[in-house]
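For clarity, every value in this text was computed on a predicted model and none was experimentally measured.
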Amino acid sequence: MSTHTSIKKNYNRIKWQKLTIVSILIGFLAALLAVSLKHITEHYEEIFFAKTQENFLFLLIFPIFGLSIIYFLRQYLFKKKENKGIKEVFESTSSSKNLPLYKIPSHFINGLITVAFGGSTGIEVSTVVATATIGSVAHTKENFFKKYKTELICAGVAAGITALFSSPLAGLLFAYEVISKKLSKVFLITILISITIASAFLLVLDEKPLFEVAINTWHYHAIPYFILLGIIAGMNSIYLTKCVLFFKKQFSKIQVHYHKIILGAIILTVSLLVLPQLYGDGYHAIKHSILSANTDVLTVSLTLTILAILVMKPIVTSITLSAGGDGGVFAPSLFIGAFLGLLTALCVNTFFSANVIPLNFMIIGMAAMLSASIHAPFTALFLVCGVINDYTLFFPILLVCLVSKYTAQKIYPFTVYSYKESLAK
């Protein structure tokens, strides 16, 4: 064996050893962060939401208090820099810019405060950026890792998504479909290691699915209605995307930041007084609706409530983000999709005697809306199957995710994450 061959083999061995070790560390830290943020947020959101149900006056206090705390933390603790969400991750993977270490506590704390105090978004994007930062910081610790920055960032993101939704495949696919869009040997191996560690972490903690549902079957005669749901979800995702872009643009014209907070808090408070289902990530409302989905009857009151939810959720989500809250469109997409699916099923059952299963439509609607909102059908497929821990609806979810994504793409080619004003002109 030549000296050159021996050196090359030795280099490759050391390379994979180091990548394995750093991937294990990233996977563990990302999973720990994601699970901690998830449970702490759930705990305080439940407490504060219960307070608003006991006394509506808390709704006058919580939104402005939460947004104000985030503002002061940003001004005096987090270097006066606003969080840009997943766009920060894109900027880091496409340039020499690194995600600074303070982004971990910044997104962790701000995401928690936003949702716990009623901000109508979720912690998913906060988790994505914080776990991406773990990967970004890891890549700066040794010269050897510098050419693998994107791979290590994706390893952190994949582990974070795995921990949040109990779905390793959703973590892998999100890292590929949304963040990297490129496959390589290093990408696959680092991510497979990190999501394996995250999955083992969940196993040790005995984490339960986000939504506990009993899916028994689905029927082939429902396929046309599934396709209809996919088309409607694609169109609704455009409404969500354009709401976020519109309100962010309008709020950017307000020069005094505290005026943004006051205006945002007023709109948020009024919306929550009318529709308490919009409080926080809305998962509490989904869980409540899941219990009664198959026994619900289409009434005028129920129809108007769901329509109001579908119209207002994108607006209050946009207001929350524009006024300084931390988050994105992950949780809002799942929330909107669930109620869109329920309304679609009830309508086709009432007016066309379709005899479809409303609970199935709620689950499929969540995946369809997420797929269309982030243009990632396979991520949405495995993520939703993960949050219910059931693959009975695999085929209809796959079908509807593809329909919704391509419907949305045909109407408007951008997502909240990919939109750039220069590209839209």
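- Ring geometry, Y417 versus F90: the interplanar angle exceeds 60°, so the pair is classed perpendicular (tilted spans 30 to 60°).
- Looking at S136, its side chain does come within 3.5 Å of a backbone N or O of L99 through a donor-acceptor pair.
- A salt bridge links E207 with K38: the closest approach of a Lys/Arg side-chain nitrogen to an acidic carboxylate oxygen falls below 4.0 angstrom.
- The CD1 atom of I61 lies 12.0 Å from the OG atom of S68; values are rounded to the nearest 0.5 Å.
- Minimum interatomic distance between I193 and S23 (heavy atoms only, all atoms of both residues): CG2-CB, 3.6 Å.
- Using modelled atom types, no side-chain atom of S404 and backbone atom of A233 make a donor-acceptor pair closer than 3.5 Å.
- Judged by distance alone, the side chain of S120 and the main-chain N or O of V316 form no donor-acceptor pair under 3.5 Å.
- Remark: the backbone N or O of P100 is not paired with any side-chain donor or acceptor of N98 at under 3.5 angstrom.
- Between L112 and I123, the closest side-chain pair of non-hydrogen atoms is not below 4.5 Å.
- Between Y283 and A331 the shortest heavy-atom distance is OH-CB, 3.5 Å.
- Pairing each heavy atom of P63 with each of T269, the nearest pair is CG-OG1, 3.5 Å.
- In this structure, CZ in F165 is found 11.0 Å from OG1 in T379, a value given to the nearest 0.5 Å.
- For the pair I109 and I70, the minimum side-chain heavy-atom distance is 4.5 Å or more.
- Relative ring orientation between H219 and H221 is described as parallel, the plane-to-plane angle staying below 30° on a 0-90° scale split at 30° and 60°.
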Report the C-alpha distance between S322 and K260 in whole Å, list the side-chain angles of each, state the deciding distance to 0.1 Å, and finish with yes or no for side chain to side chain contact (heavy atoms under 4.5 Å, CB included).
CA-CA 8 Å; S322 302; K260 297 181 186 180; over 6 Å; no
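- Of the possible donor and acceptor atoms, none in the side chain of T133 sits under 3.5 Å from a partner among the backbone N and O of L101.
- Within 6.0 Å of the CD atom in E91, the count of heavy atoms belonging to other residues, nucleotides or ligands exceeds 12.
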Please test D281 against F335 for side chain to side chain contact (heavy atoms under 4.5 Å, CB included), starting from the C-alpha separation and ending with a verdict.
CA-CA 8 Å; D281 54 29; F335 178 86; over 6 Å; no
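- Geometrically, K182 does not engage Y176 in a cation-pi contact, judged by NZ or CZ lying under 6.0 Å from the ring centre and within 45° of the ring axis.
- Of the possible donor and acceptor atoms, none in the side chain of S194 sits under 3.5 Å from a partner among the backbone N and O of G27.
- Summarising the geometry of L321 relative to D326, their closest heavy-atom pair is CD2-C, 4.2 Å, with the distance given to 0.1 Å.
- The shortest distance between side-chain heavy atoms of R74 and N110 falls below 4.5 Å.
- How far CG of L169 is from CD1 of I161: 13.0 Å, rounded to the nearest 0.5 Å.
- Taking the side chain as every heavy atom from C-beta outward, S184 and L188 never approach each other to under 4.5 Å.
- Counting heavy atoms of neighbouring residues, nucleotides and ligands inside a 6.0 Å radius, atom OH of Y239 exceeds 12 of them.
- Side chain of T131 to backbone of V128: a donor-acceptor contact under 3.5 angstrom is found.
- Although no hydrogens or angles enter the test, the distance criterion places no donor-acceptor pair under 3.5 Å between the side chain of S418 and the main chain of F414.
- Put simply, CG on N360 and CG on N294 are 7.5 Å apart, with the number rounded to the nearest 0.5 Å.
- Taking 4.5 Å as the limit, every side-chain heavy atom of T93 sits out of range of all side-chain heavy atoms of K149.
- One finds the CD1 atom of I306 at 9.5 Å from the CD atom of Q277 (value rounded to the nearest 0.5 Å).
- Heavy-atom minimum distance, L370 versus S333: CA-CB, 3.8 Å.
- Below 30°, between 30° and 60°, or above 60°: for Y391 and F382 the angle between ring planes is between 30° and 60°, a tilted geometry.
- For S289 (side chain) and A285 (main-chain N/O), a donor-acceptor pair under 3.5 Å exists by modelled atom type.
- Within the 4.5 Å cutoff, no side-chain heavy atoms of F226 are placed close to those of V356.
- Side chain of T317 to main chain of K313: a donor-acceptor pair is present (N/O by atom type, distance under 3.5 Å, no hydrogens or angles).
- In this structure, H284 has its ring center under 6.0 Å from that of F49.
- Residues C385 and I397 have side chains in contact (heavy-atom distance under 4.5 Å, counting atoms from C-beta outward).
- Closest non-hydrogen pair, S126 versus G327, comes out as OG-N, 4.1 Å.
- Within a 6.0 Å sphere centred on NZ of K181, heavy atoms belonging to other residues, nucleotides or ligands number more than 12.
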Can you check ring-ring contact (aromatic ring centres under 6.0 Å, His included) on Y220 and F395, steps first, answer last?
CA-CA 11 Å; Y220 284 99; F395 174 75; 7.4 Å; no
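- In H39, the NE2 atom is crowded: over 12 heavy atoms of neighbouring residues, nucleotides or ligands sit closer than 6.0 Å.
- Ring orientation note: the planes of Y258 and Y71 are nearly perpendicular, at an angle over 60° on the 30°/60° scale.
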Should F251 and I319 be marked as a side chain to side chain contact (heavy atoms under 4.5 Å, CB included) after you check the CA-CA gap, both sets of side-chain angles, and the distance that decides it?
CA-CA 9 Å; F251 269 65; I319 296 294; 3.7 Å; yes
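- At a threshold of 4.5 Å between non-hydrogen side-chain atoms, the residues L334 and V384 count as touching.
- Taking CG of L59 as the reference point, atom NZ of K51 lies at 13.5 Å (rounded to 0.5 Å).
- Under the 30°/60° scheme for interplanar angles, the aromatic rings of Y44 and F48 are found to be tilted.
- No side-chain donor from either of T190 and E151 sits under 3.5 Å from a side-chain acceptor of the other.
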If you apply the rule side chain to side chain contact (heavy atoms under 4.5 Å, CB included), what do you find for Y225 with F361, and how did you get there?
CA-CA 9 Å; Y225 303 110; F361 272 67; 3.7 Å; yes
